[in-house]
Every structure is written in C-alpha cells, then in structure tokens.
Amino acid sequence: MKTKYVFSGQGIIILMIMSLFYITSCDKKTPEPTTQAANEIWMESSKFNPAEKTITKGTTIKWVNKDSYDHNVTCTGWFASSNFGKGETYSFKFDSAGTYDYRCTLHMTMTARIIVQ
C-alpha cells in the first residue's frame with residue numbers, strides 16, 4: 001500500500017522556507033582573514049606587504065597570495081616557490097642570518113627584502 005502525501009498551500013510555503021535556510025546554512029564560506037599574522041607577507045595589488053621585514057634566525061615566513069592571479073616567491077640560491085593562486089601560501093624557514101632580496105618572477109617589479117638577525 002502506497003502512502004499519499006497531501007500538502008496544503010501553507011505546508012508547501014513552509015517547506016520552501018525551510019529549504020532556503022538549509023541551502024544558505026550549507027553554503028557558507030570561511031571568511032578570508034583581514035588581519036595579517038606577525039610572520040606573514042601578503043601579496044596584494046602586485047606588491048609584497050610589507051616590502052621589508054626584519055626577523056630572527058629560525059623564523060618561518062608565510063607568503064599569502066591575496067591577488068586573483070598567480071604569484072611566486074624566488075630568492076636565487078635560497079628558495080623558490082612554484083606559482084600559487086589566490087588564497088594559497090608558501091613558507092620558508094630562515095635558519096641563516098643575512099639579507100634576502102626576493103621577487104615574483106611573474107611580475108618583475110614585485111621585489112622585497114627580509115633581513116635575518
């Protein structure tokens with residue numbers, strides 16, 4: 001024996017409203033952080049922010065791409081990331097004191113410096 005479901009106009013409206021709440025609650029995305037962490041360098045508007053940073057030996061720096069297009073991080077002889085897109089990151093631990101000038105090879109005017117003490 002089959003069960004028949006009969007919905008009144010009011011019942012259909014209630015079901016539609018409930019489904020809207022379900023869809024919007026499942027579709028929420030984690031908001032992008034708006035505060036830069038102490039050891040992060042953001043790549044935004046085709047610039048490194050900050051363009052110069054002084055750190056101590058043993059510090060790991062994380063570059064975060066905030067632009068909608070790819071970037072990379074390259075310091076000849078020390079580190080080189082692959083290209084990475086919006087929201088992606090690259091990290092490097094600085095174990096040796098010195099001055100590290102780096103750039104994005106896709107956007108040659110994107111240059112910056114890390115000073116390790």
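Only this structure's heavy atoms are used, side chains among them; waters, hydrogens and symmetry mates stay out. Everything quoted here is computed from the prediction, not taken from an experiment.
The minimum heavy-atom distance linking Ser91 with Thr60 is given by the pair CB-CG2, 4.0 Å. Scanning both residues, Lys86 and Lys66, for their nearest heavy atoms gives CE-O, 4.0 Å. Nearest heavy-atom pair, Phe79 versus Tyr90, reported as atom, atom and distance to 0.1 Å: CB-OH, 3.3 Å.
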Tell me which donor-acceptor pairs under 3.5 Å the side chains of residues 96-108 have, and how far apart each pair is, sequence neighbours excluded?
{"from": "Tyr100", "atom 1": "OH", "to": "Ser96", "atom 2": "O", "distance (Å)": "2.7"}
{"from": "Asp101", "atom 1": "OD1", "to": "Arg113", "atom 2": "NE", "distance (Å)": "2.6"}
{"from": "Asp101", "atom 1": "OD1", "to": "Arg113", "atom 2": "NH2", "distance (Å)": "3.0"}
{"from": "Asp101", "atom 1": "OD2", "to": "Arg113", "atom 2": "NH2", "distance (Å)": "3.4"}
{"from": "Tyr102", "atom 1": "OH", "to": "Trp63", "atom 2": "NE1", "distance (Å)": "3.3"}
{"from": "Thr105", "atom 1": "OG1", "to": "Asn72", "atom 2": "OD1", "distance (Å)": "3.3"}
{"from": "Thr105", "atom 1": "OG1", "to": "Asn72", "atom 2": "ND2", "distance (Å)": "2.8"}
{"from": "His107", "atom 1": "ND1", "to": "His71", "atom 2": "ND1", "distance (Å)": "3.1"}

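Ser46 is linked by a side-chain hydrogen bond (donor to acceptor under 3.5 Å, both in side chains) to Tyr69, counting only residues two or more places apart in sequence or in another chain. Glu88 pairs by the side-chain hydrogen bond (donor to acceptor under 3.5 Å, both in side chains) definition with nothing, not counting sequence neighbours. Taking the side-chain hydrogen bond (donor to acceptor under 3.5 Å, both in side chains) definition, one finds that Thr56 meets it with Thr59, sequence neighbours left out. For the side-chain hydrogen bond (donor to acceptor under 3.5 Å, both in side chains) test, no residue two or more places apart in sequence or in another chain qualifies with Asn39.
Note on Phe84: it does not cluster hydrophobically with Trp42, by side-chain heavy-atom contacts below 4.5 Å among ILVMFWY residues. Note: the hydrophobic cluster containing Ile41 also contains Ile55 (ILVMFWY, side chain heavy atoms under 4.5 Å, direct or indirect links).
Taking 4.5 Å as the limit, every side-chain heavy atom of Phe92 sits out of range of all side-chain heavy atoms of Ile61. A 4.5 Å side-chain heavy-atom check between Met43 and Phe48 finds at least one atom pair inside the cut-off.
Cluster partners of Ile115, using a side-chain heavy-atom cutoff of under 4.5 Å among ILVMFWY residues and allowing indirect links: none.
Considering CD of Glu44 and CG of Asn49, their distance stands at 5.0 Å, rounded to 0.5 Å.
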